[in-house]
Chemist: 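If you scroll down you'll find the structure; I have some questions about it.
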There are 2 protein chains.
Amino acid sequence: MLKYQHIADELENYIEEHKLQQGDKLPILQDLMIQFDVSKSTVTKALDLLEKKGVVFQVRGSGIFVRRHKRQGYISLTSNQGFKKNLEEFHITSEIITLDIRKPTKEAAVNLNIGLDDDVYYVKRIRYIHGQTLCIEESYFNKSIVTYLNKEIITESIFNYITEGLGLNIGFADTYLHVDKLNAEEAEYLGLQKGDPKLEVESVFHLTNGQPFDFSKLTYNYVQSQFFLQAVL
Amino acid sequence: MLKYQHIADELENYIEEHKLQQGDKLPILQDLMIQFDVSKSTVTKALDLLEKKGVVFQVRGSGIFVRRHKRQGYISLTSNQGFKKNLEEFHITSEIITLDIRKPTKEAAVNLNIGLDDDVYYVKRIRYIHGQTLCIEESYFNKSIVTYLNKEIITESIFNYITEGLGLNIGFADTYLHVDKLNAEEAEYLGLQKGDPKLEVESVFHLTNGQPFDFSKLTYNYVQSQFFLQAVL
DNA sequence: CAGTGGTCTAGACCACGAT
DNA sequence: TCGTGGTCTAGACCACTGT
C-alpha cells in the first residue's frame, strides 16, 4: 500500500468516525509527519488527494480543515469506480434485461473507437434505489478488452470484476449530460409518463493506457435524480 | 508565476496550438526537466495538474499522452471560475433582470451560513448562448464579503471582479443538480412550455478560507443543456 | 513575528511497459 | 533489460494568517 494512500484513508476514516463537521481543524502538517513517520511531501500528497476528493481544504498560514457538503441523499457524479461507493450508500440494486454479444451501434463504435464489425458485450439493466426505479442503463463493452461476462458478474459490480477478475486498470472517463423528454418505452420502464423529463448520462470509460472499453448510456428517473459535484477552483 | 503553473500553461498552449489529438505523445519527463530547467517533482506537479484538468494522461513505463474528449459544444461542469472559459468559447451574454440588496430566503441563508436578517446582494439574470436563451440565473452574495456590486460589474464577469477588484480568493464549490418540470414563469423566460424539462443547478461558492459567499441557482433550457465532465478514476 | 502551508530541489529507489 | 513514470526523502526557502 502506498504511504500517501494509506494516510489519506486513515484521515478520511478518522473524519468519518468522529463525525467531524465543515470547518473542523485537523492536526498540522508537522504533527502528521511525526504521527505517520513520513516526509512532508508525502503528507502533502495525501492531503492533496483528499482536497481533490472534496474531503478537506487547506489554508496557507492557518491549517487543514474538514470540508463537508450540507445535503444528504445526493449521488456523487465524480465518485470513483462507477458508483461503487454510492451503491453501498444508497442500496442500489439492478435487474438484468439483456445480456448478449452483438455488433455495436454506430454511436457505440465511435465512442469505443472500434469498427462496426467488432464484437461488443451489450448489457441492459434497470437500476433501483430504495426499491424505486432509478435509471435504465445500456452498456457496450469492447469484447477484445472485456473478454467475458455472464449474468452473475453483471448482477454484482462489473467494474469490480474488470479490475479484480480481469486485472485491468481503469484510468479515466468522459461523461456527457443531456436533459430531454422520455419516449414511450423509457417511460414504461421508469413508471413515468411519455414526455416527462429525463436526464441522460453518457460515459466513455478508458483504461489507464487510454483505450476506451465501456460506453454506457444511463437514463434517469427525474424524480430520483439528485446529483452533486465538489469542485476545487 | 509559479514554475509548475507556468509549465502547465505552456504545455496546454502547445497542445492547443499544434492541435494534438487524443493519444499523441508528449516529451518524456527527462526532456521536460531539461527544457524548463526544473526538478523532476516540479514537472510532475505540472503534469498532475493537467491530468486533473483532463488535458493529459500519464502511463507508467510508457509516456505522457494527450487526452481530448470527442464532442464539441458541451459546457464543462468543472471548468474553473464560474464558466469564465466557457463564456469566451460559447459567446454567452446576459441580460440583467434584477439587482438589489435584500434579506436572503431561508434557503439562501442556510447555504450561505448567515442569518435571515443579514444583507445579501440579489442578482437575477438571463443568460444567452449564441443568441438563444440558455438559463435563468439567481444569485445571492453575502454582502459582508461581497461588499459592493453594480450593474456594470454584473454585466461583465462577477467572479473576475471578486478576485481582481475585491482581492478575494475563491476556493471551492459544492454543486447540486436536479431535473424537474418548468413552472409557468420559468417557461416564459426560457421560451418553452410549462411542464417542459428543466435542469436546475445550485452552487455554493466558498473562499479559500472556507467561507461561503455566493449561492446561485441556475435553471437551464433543456434544449441548450449539454454538459460534460472529465473524471480521473 | 511566530505559526503554518506551499514550492522547489537533487537524488535514491521502485514499478510498469515495451522490446 | 532498458526506458519511463511514480514514490519518497530531507531540507531550504517562500507566502500567507493570525496574534
Side-chain angles (χ1 to χ4, degrees), chain A residues 1-9 11 23-52 55-67 145 163 166-172 206-211 232-233, chain B residues 1-9 11 23-52 55-67 145 163 166-172 206-211 232-233:
Chain A
M1 167 76 86
L2 297 173
K3 285 192 186 182
Y4 73 84
Q5 188 61 255
H6 172 71
I7 296 169
D9 292 348
L11 288 174
D24 285 354
K25 197 166 186 289
L26 293 178
I28 64 171
L29 276 181
Q30 185 62 228
D31 292 349
L32 293 172
M33 287 168 63
I34 296 168
Q35 180 183 336
F36 291 105
D37 189 30
V38 295
S39 71
K40 183 173 171 177
S41 320
T42 304
V43 176
T44 299
K45 179 133 193 184
L47 289 168
D48 286 349
L49 250 192
L50 292 177
E51 185 158 51
K52 190 171 75 177
V55 175
V56 305
F57 61 97
Q58 303 178 71
V59 185
R60 193 199 306 238
S62 181
I64 304 153
F65 304 91
V66 172
R67 175 175 174 194
I145 300 174
T163 49
L166 295 174
L168 297 171
N169 296 308
I170 299 170
F172 54 90
H206 304 252
L207 299 178
T208 43
N209 69 10
Q211 248 190 312
V232 180
L233 306 177
Chain B
M1 169 73 89
L2 298 172
K3 286 192 187 181
Y4 72 85
Q5 188 61 255
H6 171 71
I7 296 169
D9 291 349
L11 288 175
D24 284 354
K25 197 164 185 289
L26 293 178
I28 66 171
L29 275 181
Q30 187 60 230
D31 292 349
L32 293 172
M33 287 168 63
I34 295 168
Q35 179 182 339
F36 291 105
D37 189 29
V38 295
S39 71
K40 182 172 171 180
S41 319
T42 304
V43 176
T44 299
K45 180 136 191 180
L47 290 169
D48 285 349
L49 251 191
L50 292 178
E51 184 158 53
K52 191 171 76 177
V55 175
V56 304
F57 61 95
Q58 303 179 70
V59 184
R60 195 201 302 240
S62 179
I64 304 154
F65 304 91
V66 172
R67 177 175 173 195
I145 299 174
T163 49
L166 295 175
L168 298 172
N169 297 308
I170 298 170
F172 54 90
H206 305 253
L207 300 178
T208 42
N209 68 11
Q211 252 189 307
V232 180
L233 306 179

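Source: prediction; values computed, not measured.
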Chemist: What is the separation between atom NE2 on His6(A) and atom C1' on dC8(D), rounded to the nearest whole Å?
Modeler: 15 Å
Chemist: Looking at residues at least two apart in the chain, or sitting in another chain, which of them share a side chain to side chain contact (heavy atoms under 4.5 Å, CB included) with Ile34(A)?
Modeler: Gln30(A)
Chemist: Who passes side chain to side chain contact (heavy atoms under 4.5 Å, CB included) against Gln35(B), sequence neighbours left out?
Modeler: Leu32(B)
Chemist: For DNA chain C, whose closest nucleotide is more 5', that of Asn169(A) or that of Ser39(B)?
Modeler: Ser39(B)
Chemist: What integer distance in Å separates Asp37(B):CG from dA10(C):C1'?
Modeler: 13 Å
Chemist: For Phe172(B) and Leu207(B), which heavy atoms make the closest approach, and how far apart are they?
Modeler: CE2-O, 4.0 Å
Chemist: Not counting sequence neighbours, which residues clear side chain to side chain contact (heavy atoms under 4.5 Å, CB included) with Asp9(A)? List them please.
Modeler: Met1(A), Gln5(A)
Chemist: Calculate the interatomic distance between Asn209(B) atom CG and dG5(C) atom P; express it in whole Å.
Modeler: 15 Å
Chemist: Expressed in angstrom and rounded to an integer, what is the separation of Phe57(B) atom CZ from dC16(C) atom C1'?
Modeler: 15 Å
Chemist: Please name all residues satisfying ring-ring contact (aromatic ring centres under 6.0 Å, His included) with Phe65(B), sequence neighbours left out, ordered by chain then number.
Modeler: Phe57(B)
Chemist: For residues 40-48 of chain B, which side-chain N or O atoms pair as donor and acceptor with protein atoms under 3.5 Å away, sequence neighbours left out?
Modeler:
residue: Thr42(B); atom: OG1; partner: Ser39(B); partner atom: OG; Å: 3.3
residue: Thr44(B); atom: OG1; partner: Lys40(B); partner atom: O; Å: 2.9
residue: Asp48(B); atom: OD1; partner: Gln58(B); partner atom: NE2; Å: 3.4

Chemist: What string of B, S and - do you get for nucleotides 2-7 of chain D 5' to 3' if you count protein non-hydrogen atoms under 4.0 Å?
Modeler: -BBBBB
Chemist: With a cut-off of less than 4.0 Å, is there a side-chain N or O of Thr42(B) near OP1 or OP2 of dT9(C)?
Modeler: yes
Chemist: To the nearest Å, give me how far apart CZ (Phe65(A)) and C1' (dG5(C)) are.
Modeler: 11 Å
Chemist: Specify the separation, in whole Å, of atom CD of Gln5(A) and atom P of dA15(C).
Modeler: 16 Å
Chemist: Figure out the CZ/C1' separation between Phe36(A) and dT9(D), and round it to whole Å.
Modeler: 18 Å
